[in-house]
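One-based numbering, in listed order, for ligands and for the atoms of each.
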Amino acid sequence: MILIDGKKEAEELRKKLKDEVSALKLKYKKVPGLTVILIGEMTPSQIYVRNKEKSANEIGLKSEVIKYPESVEEKIVLDKIKELNNDDTVSGILVQLPLPKHIDKQKVIETISPNKDVDGLHPINVGNLSSGYQGSIPCTPLGCYLLIKKIESNLTGKKAVMIGRSNLNGKAMAQLLLQEDCTVTITHSKTKNLKEECLVADIIVAAVGIKELVRGDWVKKDAIVIDVGINKTEKGIVGDVAFNEVSKVAKALTPVPGGVGPMTIACLLKNTIECFKRFQN
Ligand code: NAP
């Protein structure tokens, strides 16, 4: 079984991106900039944002975090986003989710310029992805895609099963694999016989949020299994895949932690650089 080392792959990607930033700096006399807006005091969000800022700085991006208290008015956030949309030193804008209940998530997403939407959640970018046009691709599915391609460069005709249909993960992942000529099935909480759907899959991507949902006897021998899930337990973080069982049958599997997570942040940096390049062109 190939243990897919997301940490190592992310490190390699970050090295390439660092070189790219140096080259862009020479060419344009400026570097791409990432601005993250963090609202409230939620600890996981604070940790994610700190990691994003640290990684951005390490590869030479200009990075900035704008923090608001939990009680901030929606209008203040929307006005700040509009200001950042018009700021040429900002290539990418990310508003850390989840948001407090009084702030409309969709309004926030749609206020970010599609050209600076490094999370790839703006409807224009969602449309671009499903039409096969250029645009930002959500960071986690992009990271999963790059990991899958490392294991298998030609995915034509493979049967891929997404577990979960969120805009952030399952739907975008399905589009990426469809573009690779996979035959894609998207499953969700109302799917009947999930096990049977999984058993015919050459590729399984689990993005659900249920601890060890995917069992060893759900997985075909030699399948590639990507575990996006992050579930807190007393023993630490575990994924949506029963690692010990699935590792006995799968051809390749991502661990949790150390699989998809590091790639997500590296892909955020990649998206910021892509936004910068598209703006320059
Ligand atoms: P989400 O928006 O809550 O979506 C979960 C999806 O799972 C939904 O489509 C839901 O179906 C489906 N689902 C729920 N129960 C199911 C079941 N029993 N069988 C099949 N499908 C079921 O979650 P998300 O934002 O996509 O995140 C999913 C997981 O990935 C979470 O654990 C999250 O923490 C993790 N995550 C990890 C990273 C990373 O970098 N590693 C990044 C983002 C998210 P319905 O649509 O029918 O409700």
Side-chain angles (χ1 to χ4, degrees), residues 4-11 13-14 36 42-52 54-55 94-99 105-106 108-109 118-121 126 129 136-148 160-177 184-201 204-215 218-219 225-233 236-243 246 253-271:
I4 304 173
D5 189 344
K7 248 180 162 171
K8 186 173 137 263
E9 295 298 336
E11 200 181 312
L13 177 56
R14 284 200 307 271
V36 178
M42 272 185 58
T43 316
S45 294
Q46 285 173 331
I47 296 169
Y48 293 144
V49 168
R50 209 178 303 135
N51 288 340
K52 285 167 184 174
K54 185 169 163 269
S55 304
L94 181 149
V95 179
Q96 184 65 44
L97 303 175
L99 297 173
K105 179 176 121 184
Q106 199 54 28
V108 166
I109 288 172
V118 279
D119 248 348
L121 293 175
V126 175
L129 177 60
S136 287
I137 298 166
C139 307
T140 302
L142 180 58
C144 295
Y145 168 80
L146 295 174
L147 291 177
I148 295 168
V161 171
M162 309 302 107
I163 317 181
R165 57 174 162 181
S166 69
N167 291 340
L168 192 66
N169 289 307
K171 281 185 195 155
M173 190 71 233
Q175 293 296 343
L176 287 170
L177 291 174
V184 180
T185 302
I186 306 177
T187 68
H188 45 78
S189 68
K190 311 289 185 299
T191 297
K192 289 180 181 149
N193 300 322
L194 184 58
K195 177 180 171 181
E196 279 168 31
E197 296 290 347
C198 289
L199 266 172
V200 292
I204 297 174
V205 181
V208 185
I210 298 180
K211 180 187 115 174
E212 297 179 336
L213 174 73
V214 180
R215 312 305 310 189
W218 290 28
V219 176
V225 182
I226 305 292
D227 190 352
V228 180
I230 299 176
N231 306 293
K232 268 193 195 155
T233 72
I237 305 282
V238 298
D240 291 343
V241 175
F243 185 89
V246 174
L253 172 63
T254 54
V256 177
V260 173
M263 286 300 282
T264 297
I265 295 191
C267 287
L268 170 67
L269 310 178
K270 182 174 163 56
N271 278 352

Worksheet item: Can you name the residues that come within less than 4.0 Å of ligand 1, going by heavy atoms only?
Response: Thr140, Ile163, Gly164, Arg165, Ser166, Leu168, Asn169, His188, Ser189, Leu194, Ala207, Val208, Gly209, Ile210, Val228, Gly229, Ile230, Val260, Gly261, Thr264
Worksheet item: So, does Asp240 use its side chain to make a donor-acceptor pair with the main chain of Glu212 at under 3.5 Å?
Response: no
Fill in: Option among Pro141, Cys139, Pro255, Cys144 that satisfies the side chain to side chain contact (heavy atoms under 4.5 Å, CB included) test with Val260
Cys144
Item to complete: Look at the side chain of Thr254 and the backbone N and O of Ile4, then say whether any donor-acceptor pair between them is shorter than 3.5 Å.
Response: no
Worksheet item: Which of these passes side chain to side chain contact (heavy atoms under 4.5 Å, CB included) with Pro138: Val126, Asp119, Leu129?
Response: Leu129
Worksheet item: Can you check whether Leu194's main-chain N or O pairs, donor with acceptor, with Thr191's side chain at less than 3.5 Å?
Response: no
Worksheet entry | Non-hydrogen atoms of Ala266 and Arg14 that approach each other most closely | CB-CG, 4.1 Å
